[in-house]
Protein chains: 2
Amino acid sequence: MPPDAPKDTDEAGADANRRLYLDDLVLGQRFLSAAHALDAAQIQAFAGQYDPQPFHVSDEAARGTLFGGLAASGWHTAAITMRLLVESVPIAGGIIGVGGEIAWPRPTRPGDLLRVESEIVEIVPSKSRPDRGMVTLRSQTRNQRGEILQTLTARLVVPRRRPL
Amino acid sequence: MPPDAPKDTDEAGADANRRLYLDDLVLGQRFLSAAHALDAAQIQAFAGQYDPQPFHVSDEAARGTLFGGLAASGWHTAAITMRLLVESVPIAGGIIGVGGEIAWPRPTRPGDLLRVESEIVEIVPSKSRPDRGMVTLRSQTRNQRGEILQTLTARLVVPRRRPL
């Protein structure tokens with residue numbers, strides 16, 4: 001069989017880890033993460049190290065601010081989202097982002113149960129690098145009431161299964 | 001004196017913390033942060049909790065990947081950048097971001113010394129909320145060689161000193 005002949009076998013099916021290459025992804029493909037339960041102690045620990053502002057470290061101090069009560073740093077929401085993405089979007093070679101757009105329409109609060117739903121919205125094979133391509137993944141992080149806490153549109157480098 | 005009369009005194013001058021309101025900011029205004037020294041242990045600790053992929057937790061495992069060696073999670077670079085912003089951009093009410101664009105043109109490595117330089121690129125008083133406005137802050141995170149590790153263009157909510 002010539003090396004460029006179509007293959008009938010689905011190599012992904014033979015992969016126990018079901019890692020997805022660029023060739024395996026389709027527009028509209030969706031991934032749902034597990035849930036992460038957030039509490040005040042986690043919010044304060046992250047904020048103490050990376051975002052030590054009153055509204056992220058003290059419920060009392062937060063009451064007099066725009067937040068009106070303890071809220072997680074947006075970067076904490078982003079970090080938890082990344083953990084949930086690593087566990088729910090099985091891209092071959094891992095999730096390697098070159099950048100993206102992020103928005104926090106609503107504060108993340110103690111007691112929130114975070115879940116991330118992601119969708120493939122763009123797939124662009126590289127013209128100069130036949131072994132890879134760029135994939136745009138749109139991820140919404142929601143709480144237990146379905147309210148959107150974060151939207152992330154990330155551009156990922158994804159390897160190809162069969163370089164052309 | 002009527003409550004809406006212009007005030008001659010510069011309230012910022014009386015503020016020992018020199019916190020900046022929307023009215024105090026000007027386009028092109030720049031802020032330079034202190035430096036943060038990053039090491040492998042910090043990279044691995046963050047990644048273990050939020051981005052447990054091989055290239056962020058093990059130098060050996062990273063060698064066979066696009067990174068070619070241990071690299072920090074982009075969200076770790078973002079979190080360190082936030083810490084440096086909190087310490088270097090003295091906005092009244094704190095740094096409250098509603099979102100933005102982020103890019104990681106180059107991996108952050110063990111041994112890197114991170115510094116953030118920020119510039120005010122847009123100031124838009126709110127039409128519906130006279131007590132605040134939106135400010136766009138563009139921040140570059142560089143290493144000790146001046147190489148850009150991250151660019152962040154963030155939209156911040158900033159209070160006004162004197163509501164109109």
With salt bridge (Lys or Arg N to Asp or Glu O under 4.0 Å) as the criterion, how do B:Arg161 and B:Asp24 come out once you've worked through the C-alpha distance, each side chain's angles and the decisive distance to 0.1 Å?
CA-CA 8 Å; B:Arg161 184 178 292 278; B:Asp24 304 317; 2.6 Å; yes
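Note: B:Gly100 leads B:Ala71, B:Gly100, B:Ala154, B:Pro159 in heavy-atom pairs under 4.5 Å with chain A. Chosen from B:Ala47, B:Pro52, B:Gly97, the residue pairing most often with chain A at heavy-atom distances under 4.5 Å is B:Pro52. Note on B:Ile102, B:Thr81, B:Thr151: by heavy-atom pairs under 4.5 Å with chain A, the leading option is B:Ile102. The candidate with the highest count of non-hydrogen atom pairs below 4.5 Å against chain A, out of B:Ala103, B:Ala79, B:Gly74, is B:Ala79. The choice from A:Thr153, A:Ile96, A:Val157 that makes the most heavy-atom pairs within less than 4.5 Å of chain B is A:Ile96.
In summary, A:Arg160 and A:Asp23 engage in a salt bridge, as defined by a charged side-chain N under 4.0 Å from a carboxylate O. A salt bridge is defined here as a Lys NZ or Arg NE, NH1 or NH2 lying under 4.0 Å from an Asp or Glu carboxylate O, and A:Glu147 with A:Arg142 fails to meet this definition. Residues B:Arg138 and B:Glu101 are not paired through a salt bridge, judged by the lack of any N-O separation under 4.0 Å between the basic side chain and the carboxylate.
With a threshold of 4.5 angstrom between heavy atoms, A:Gln49 approaches chain B through N, CA, C or O but not through any side-chain atom. For A:Ile95, the parts sitting under 4.5 Å from any heavy atom of chain B are the backbone and the side chain alike.
Between A:Trp104 and A:Trp75, the angle of the ring planes goes over 60°, which puts this pair in the perpendicular group of the 30/60° scheme.
Remark: aromatic rings of B:His56 and B:Phe67 are close, center separation under 6.0 Å.
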